[in-house]
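Notes for the one structure printed next.
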Number of protein chains: 2
Amino acid sequence: MRVVHPTPDYPQLLRGADLRVTRPRVAVLGAVHAHPHADTESIIGAVRADLPEVSHQAVYDSLRTLAAAGLVRRIQPAGSVARYEARIGDNHHHLVCRSCGTVVDVDCAVGEAPCLTASDDHGFTIDEAEVVFWGLCPACSPTRS
Amino acid sequence: MRVVHPTPDYPQLLRGADLRVTRPRVAVLGAVHAHPHADTESIIGAVRADLPEVSHQAVYDSLRTLAAAGLVRRIQPAGSVARYEARIGDNHHHLVCRSCGTVVDVDCAVGEAPCLTASDDHGFTIDEAEVVFWGLCPACSPTRS
DNA sequence: TCCGTTTTCTTGAATGAGTCAAGAAACGGT
DNA sequence: ACCGTTTCTTGACTCATTCAAGAAAACGGA
Ligand SMILES: [Mn+2]
Ligand SMILES: [Mn+2]
Ligand SMILES: [Zn+2]
Ligand SMILES: [Zn+2]
């Protein structure tokens, strides 16, 4: 079995979401695909490798638009700035290092989205169950003998 | 069976955590007990009912110290300012309204803390599994017939 | 109770991610 | 190519939270 990861056609993804295709949006979408869980500043840096003149506001606007359209997901672990990823629609979860802030993906252990049911929904209409595992990454863990 | 909720002895709680007993700390601890999931601004307001002259910085410092000592828990759902609660040590979870930001408690549906195990820990040393259910509270839900 | 040391609080300024707003440029349907 | 609409640029601004320096309070020992 062979899993293929063709480079996504970003303009097509944008059109499919009824969004205008602009150079900043294409570059931002590409940067998010290339740098999972990157924060806005990193994305601005990556985008400027292609478009040296993009404004930070264009990146902020693009990220917001892409997130609203469901083309990217925005996450924000407590104490962190916003981070973005292109892995969407699979309700996966995250492992966050308390020391360095590194974020890694964790497949949902239970099932489909939402993967968990609240014991008492208090009358809420729940649409997502977000799980964040906190701890220390290998690099930040105290070395054992 | 009778469940009693005696008013906690805040000075004693502080001493037990090896913290100096100061008026701001006692008041902040009381405010967090009285107003679960309140944000810092609300806590400042509540504390000033007792101590009209406390500085906002004293409240920020107290909250940080109390959280570090484990006497209160700090939560910060994405897009929200920091919120604090005194219900600690039971690994309960939260239900957050996407519209008004209301936070309510949800008992852990699975078990003891951490109530979940990551499918792959990537070498991390995990110490907490945080679950946030997102949705709309009854007041914010579109009314049905 | 008084003292000295240490911690905490007050005051005021600073930080920084993110937003707002107005005009210029780009997109895309005709 | 033209034109109406959306998006981008520029620059100012917000606001939760932090930083820093000196004044006040806490507390263990005398
Ligand atoms: Mn992810
Ligand atoms: Mn709670
Ligand atoms: Zn780490
Ligand atoms: Zn609500």
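Naming convention: chains lettered A, B, ... in sequence-line order (proteins, then strands); numbering from 1 in each chain.
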query = Does the pair B:Arg74 and B:Asp39 meet the rule for a salt bridge (charged side-chain N to carboxylate O under 4.0 Å, His left out), with working shown?
reply = CA-CA 10 Å; B:Arg74 175 190 166 124; B:Asp39 61 21; over 6 Å; no
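- Between A:Leu51 atom CG and C:dA25 atom C1' the separation is 14 Å, expressed in whole Å.
- Side-chain atoms of A:Arg25 stay outside donor-acceptor range of the base of D:dT7, with no qualifying N/O pair under 3.5 Å.
- The side chain to side chain donor-acceptor pair (under 3.5 Å) test with B:His94 is passed by exactly one of B:Arg83, B:Glu85, B:Glu130: B:Glu85.
- Between D:dT6 and A:Thr22, no contact under 4.0 Å exists linking OP1 or OP2 to a side-chain N or O.
- Nearest-nucleotide assignment on DNA chain D puts the 5′-proximal partner with B:Glu41, out of B:Glu41 and B:Leu19.
- Residue B:Arg15 is classed as having no contact, given no heavy-atom separation below 4.0 Å to the nucleic acid.
- The side chain of B:Val81 sits closest to D:dA16 out of D:dA16, C:dT7, D:dT9.
- Atom C1' of nucleotide C:dT8 and atom CG of B:Asp18 are separated by 16 Å, given to the nearest angstrom.
- Contact between the side-chain N/O atoms of A:Arg20 and the OP1/OP2 oxygens of D:dC8 is not found at any separation under 4.0 Å.
- B:Leu14 has its CG atom 14 Å from the C1' atom of D:dC27, to the nearest Å.
- When the P atom of D:dT7 is taken as reference, atom CG of A:Leu29 falls 15 Å away, rounded to whole Å.
- When atom types are taken as modelled, the side chain of B:Gln76 and the backbone of B:Ser80 share a donor-acceptor pair closer than 3.5 angstrom.
- Rounding to whole angstrom units, CG of residue A:Asp61 and P of C:dA25 are separated by 18 Å.
- Across C:dA26, C:dT11, D:dT17, the shortest atom-to-atom separation from the side chain of B:Ser55 is found for C:dT11.
- Picking from C:dT19, C:dT10, D:dT18 the nucleotide with the shortest atom distance to the side chain of A:Tyr60 gives C:dT19.
- A:Thr40 has a side-chain polar atom (N or O) that falls below the 4.0 Å cut-off from OP1 or OP2 of C:dG18.
- Among the nucleotides D:dT9, D:dC27, C:dG28, the one closest to any side-chain atom of A:Val54 is D:dT9.
- Residue B:Val32 comes nearest to B:Ala86 through the heavy atom pair CG1-N, 3.6 Å, listed as atom of the first residue, atom of the second, then distance.
- Atom pair A:Ile44:CD1 and D:dT10:P shows a separation of 14 Å (rounding to whole Å applied).
- Whole-Å rounding puts the B:Glu53 CD to D:dA25 C1' distance at 16 Å.
- Nearest to the side chain of A:His56, among D:dT18, D:dA12, C:dC27, sits D:dA12.
- Here A:Thr65 lies out of heavy-atom contact (under 4.0 Å) with every strand.
- A side chain to side chain contact (heavy atoms under 4.5 Å, CB included) with B:Thr125 is found for one member of A:Cys97, A:Pro138, A:Ser141 and no other, namely A:Ser141.
- For B:Ala58, taking side-chain heavy atoms from C-beta onward, the closest of the listed nucleotides D:dC8, D:dA26, C:dT10 is C:dT10.
- Atom CG in A:Asp50 sits about 17 Å away from atom C1' in D:dC8, given to the nearest Å.
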request  = Carefully, step by step, assess A:Arg73 and A:Asp105 under the rule salt bridge (charged side-chain N to carboxylate O under 4.0 Å, His left out).
outcome  = CA-CA 13 Å; A:Arg73 173 147 81 124; A:Asp105 288 332; over 6 Å; no
